[in-house]
Chemist: 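Quick one: structure below, then a few questions.
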Amino acid sequence: MADKDFFDRVYRIVAQIPYGRVTTYGAIAEALGVRRSARMVGWALNQTIEREDLPDLPCHRVVNREGLLTGKAYFGGNVMEERLRQEGVTFLKDDQVDMERHFWHPEVEDDFSS
DNA sequence: ACCTTGACAGAAT
DNA sequence: AATTCTGCCAAGG
């Protein structure tokens, strides 16, 4: 297991979210082996705002299990929604994506410690 | 060192 | 079925 910081793992997963797809906090947490730490995922993403030294993270593709853009407030305005729409993501209603169509299940991280 | 908060999720009422 | 409550774990006050 890569004993990387919890944040780094989150970042790596988020960075793997395909264009036009979205995933959930819980799914990411689960992929990291800590299904019950979904809140930490959100916290980790929050840190990305301060940390500019991080790679381009499509954190706008991360929503909660209901498909709600719970973190849109941190993007300023409707940037999050607009970006998703621009990627072809369909919205059931404002601030709610159609995760039935665009949900992407993150892959479990492989520890490259071979 | 203790208590509160948080971009969630699932169980309980 | 809808709303409330609790669990989780890290960071900030």
Chemist: Distance check needed: dA9(B) C1' versus Glu66(A) CD, whole Å only.
Modeler: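 Between C1' of dA9(B) and CD of Glu66(A): 9 Å.
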Chemist: Among the nucleotides dG10(B), dC9(C), dA11(C), which one has an atom lying closest to any side-chain atom of Phe7(A)?
Modeler: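 Output: dA11(C).
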Chemist: Check the phosphate of dG10(B) against Arg65(A), side-chain N and O only, distance under 4.0 Å to OP1 or OP2. Yes or no?
Modeler: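 Answer is yes, contact under 4.0 Å.
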Chemist: Considering only NZ, NE, NH1 and NH2 on the basic side and carboxylate oxygens on the acidic side, decide whether Arg61(A) and Glu87(A) come within less than 4.0 Å.
Modeler: yes
Chemist: Round to the nearest Å and state the distance from Ile49(A) atom CD1 to dG6(B) atom P.
Modeler: 14 Å
Chemist: If you define the side chain from C-beta out and look only at heavy atoms, does anything of Thr24(A) sit under 4.5 Å from Trp104(A)?
Modeler: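 They are not in contact (no side-chain heavy atoms under 4.5 Å apart), so the answer is no.
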Chemist: Any N or O donor-acceptor pair linking the side chain of Arg36(A) to the base of dG10(B) at under 3.5 Å?
Modeler: no
Chemist: Looking only at side-chain N and O atoms, does Thr24(A) come under 4.0 Å of OP1 or OP2 in dA9(B)?
Modeler: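 So the side-chain polar atoms of Thr24(A) do come within 4.0 Å of the phosphate oxygens OP1 or OP2 of dA9(B), strictly under.
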Chemist: Remember a base hit wins even if backbone is also touched, and classify Asn64(A) as base, sugar-phosphate or nothing at under 4.0 Å, heavy atoms.
Modeler: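 Sugar-phosphate, backbone atoms only, no base.
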Chemist: Let me know the distance between CD of Gln47(A) and C1' of dG12(C), rounded to the nearest Å.
Modeler: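 Taking atom C1' of dG12(C) as the reference, CD of Gln47(A) is at 10 Å.
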Chemist: Please tell me which of the listed nucleotides, dC9(C), dG7(C), dA7(B), lies nearest to the side chain of Arg39(A)?
Modeler: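 When the side chain of Arg39(A) is considered, dG7(C) is the closest of dC9(C), dG7(C), dA7(B).
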Chemist: Going by side-chain contact (heavy atoms from CB on, under 4.5 Å), Asp98(A) matches just one of Val89(A), Thr90(A), Val22(A). Which one?
Modeler: Thr90(A)
Chemist: When the distance from CG of Leu32(A) to P of dA9(B) is rounded to whole Å, what number comes out?
Modeler: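 It works out to 14 Å between those atoms.
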Chemist: How close or far is atom C1' of dA7(B) from atom CE of Met40(A), stated in whole angstroms?
Modeler: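 It is 11 Å, rounded to the nearest whole Å.
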Chemist: Measure from the side-chain heavy atoms of Thr48(A) and tell me the nearest of dA7(B), dC8(B), dA11(C).
Modeler: dA7(B)
Chemist: Please state whether the rings of Tyr11(A) and Phe7(A) are parallel, tilted or perpendicular, taking 30° and 60° as the class boundaries.
Modeler: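 Ring orientation of Tyr11(A) relative to Phe7(A): parallel.
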Chemist: Using the side-chain heavy atoms of Ala38(A), tell me which of these nucleotides is nearest: dA9(B), dA7(B), dG7(C).
Modeler: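 Of the options given, the side chain of Ala38(A) lies nearest dA9(B).
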Chemist: Donor-acceptor pair under 3.5 Å: do we get one between Tyr25(A)'s side chain and the base of dA7(B)?
Modeler: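 Indeed, a donor on one side and an acceptor on the other fall under 3.5 Å apart.
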Chemist: Can you figure out which of dA7(B), dA11(C), dG10(B) approaches the side chain of Asn46(A) most closely?
Modeler: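 Taking heavy atoms from C-beta onward, the closest nucleotide is dA7(B).
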